[in-house]
Structures are given as structure tokens and as C-alpha cells.
Amino acid sequence: MLNGAQVERYRDEGFLLVEDVLGAGDVGRVRAEVERLYALDHDGRVMEKDGVTVRAIHGSHQVSELFARLARLPQLLSVAEQLLGSRVYLHQCKVNAKRALTGDVWQWHQDFVFWQQHDGLTAPLVVNAGVFLDEATEHNGALLVVPGSHRLGTLVGGNRGTGSGDEWKANFTADIDFALRADQLAPLVAERGIRSLTGPAGSLLFFDPMLVHGSGANMTPQDRSMALFSYNSVENVPQEVSRPRPEFLAARNRTPLEVLAGAL
Ligand code: 6CS
Ligand code: FE
């Protein structure tokens, strides 16, 4: 659970980075499992533009027992429940690979608008929990955020058909729907600056689904992989959408998660 000061920082800035939460042994096991999952020809796997480098995998909790347990770790799940004040289920689980020298940018965006437009979520009652599976540095594409930008509402909206149904991959390339243009980003950055979320492997990052974030290319010979769990409040029941995205992107099973008893 977070203490009062940590909750306040999350509410104020829209994110909270907690270093050294997972031990090297657990991180190593998850990191090895991710390499196994990258090699699976799974529908939820997205490649970089080169067509051969893994960019991201999705729905790992549905195909990996270890990931299903990781999603229920109290350091993740209980914090999501604490911040949302309700039970939660996993709307989406992904691993961004950000491979050495080839991991490409993620343009500046807010997450909620994707889940609202494509998955029917009605309110941003979601907590994103990221697990650093490698160290994030200023040179390997660490996540960048605009502190406090979660209080500005949806900045790039509009009814975009792409990315729904089976065209979902459009939103996982380096050219996504709802990316912020320079003229939209400029005033935010002028007022609030940009924070680079560097930290050691085993760190946890909690962030609001309205927070403006993105990441640059990985310029180093080390990967910068991160597992991301998007916990939706069980009270935030999605509306039906005309062209639902695949189950590995938008969970249909909304049973509240139970905290894992015992070790990972
Ligand atoms: O469309 C989605 O669900 C995903 N797309 C982005 C760019 N971030 C949020 C989410 O993981
Ligand atoms: Fe995102």
C-alpha cells in the first residue's frame, strides 16, 4: 500500500515512481518469461517497422501463469485498489520491449481516449502499473511524462475508426491515433516541463490514464522493457462497442482480481 504522501504525489502529479520494489530474482524470472513470450507467434505480438524486432506483446496474463500471478501481486493490485477505492480487474496487459538500438518511439498521448473510443470505457477510473524489467535511463527510451497533465481532460479526441476491431495494430505502431501535435504539446511543456522516468529494474511506476506520456527511441545496446498492467475499476463497466477489439487488448472477463497469497 502507498503512504499518505505517496498518494498525494500521485493525485497531484498524475504518476508515482517507486524504486527497488521487485527483487532481482523475481525480475530475472519475469524477464526470462518475456523472452519466451516474445518468441510466440501470438496475435497480440506487434513488431517494429523493421518487421523482425518485437515492439510489444499483449495479453501475456492469458498465456503465462507467471504473468497472471504478477498481475495479482499486492504491490501492484492492492495499490490500484487503494487509488481507485474499489475492486479492479485487468483491462489490458502489455510488455513494451523497447529493444536495444531498435526500440522505436511512442508518440505523446493519453491512454484513456484509446480505451474510451475503442473499448467503451466511460470514465478514467483506471490505474496503470508499470514494472521496470530493465533499467530505464535517459539514453534507452525511458518513459517521459508531463507532470500534472492528467488534470487537463482529453487533449486529442475525435471519433477515429482506426484502431477498432481488427485494425487495432494501428495504435501500437510509432504512428498512433490521438497523438499530440507540437502545437498541442507546447503550452503543456512550457508550463509543466517534461520528466524522464529513469530508474533501476524492479521499480514500479503508477500513472493516471489521462497523463500525457511518450518515450523516445532506444539508443543503447541494452533493452528497456516494461510490463504494463491497466487496472480498471469494477464500477467502470465498459459500454458495448460496435467493433470490439480482441480479448488480449480489452478484457471481457471483469471478475475482480484476488491479491496473490505468497511469493510470485
Ligand atoms: O490502444 C491502446 O489500448 C494502447 N495504445 C496506446 C498508445 N497506449 C494505451 C494503450 O496501451
Ligand atoms: Fe500509453
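Every number for a ligand or one of its atoms is a count from 1 in the order of the listing.
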Output the list of atoms in ligand 1 that are nearer than 4.0 Å to some heavy atom of K94, sorted by atom number. 11 (O)

Counting heavy atoms only, which part of W115 comes closer than 4.0 Å to ligand 1: side chain, backbone, both or neither? side chain

Is it the side chain, the backbone, both or neither of H118 that has a heavy atom closer than 4.0 Å to ligand 1? neither

Could you tell me whether K94 sits above the aromatic face of W106, with NZ or CZ closer than 6.0 angstrom to the six-membered ring centre and within 45 degrees of the axis? yes

Return yes if a side-chain donor-acceptor contact under 3.5 Å exists between [X] and [Y], otherwise no.
{"X": "D104", "Y": "T102", "result": "no"}
{"X": "H213", "Y": "D111", "result": "yes"}
{"X": "D223", "Y": "S225", "result": "no"}

[atom]: nearest protein contact (heavy atom, Å):
{"atom": "atom 2 (C) of ligand 1", "answer": "F172 CZ, 3.4 Å"}
{"atom": "atom 5 (N) of ligand 1", "answer": "N171 O, 3.6 Å"}
{"atom": "atom 10 (C) of ligand 1", "answer": "Q92 OE1, 3.4 Å"}
{"atom": "atom 7 (C) of ligand 1", "answer": "H109 NE2, 3.5 Å"}

F248 and W168 aromatic ring geometry - parallel, tilted or perpendicular at 30°/60° bounds: perpendicular

What do you reckon, does D111 have a nitrogen or oxygen under 3.5 Å from a nitrogen or oxygen of ligand 1? yes

Checking the N or O distance criterion of under 3.5 Å, is ligand 1 in contact with R245? yes

Quick one: do [X] and [Y] make a salt bridge, cutoff under 4.0 Å?
{"X": "R99", "Y": "E35", "result": "yes"}
{"X": "D12", "Y": "R9", "result": "no"}
{"X": "R87", "Y": "E235", "result": "no"}

Tell me, which N, O or S atom in H213 is closest to the Fe ion (ligand 2)? NE2

Nearest 10° is fine: what angle sits at the Fe ion (ligand 2) between NE2 from H109 and OD1 from D111? 90°

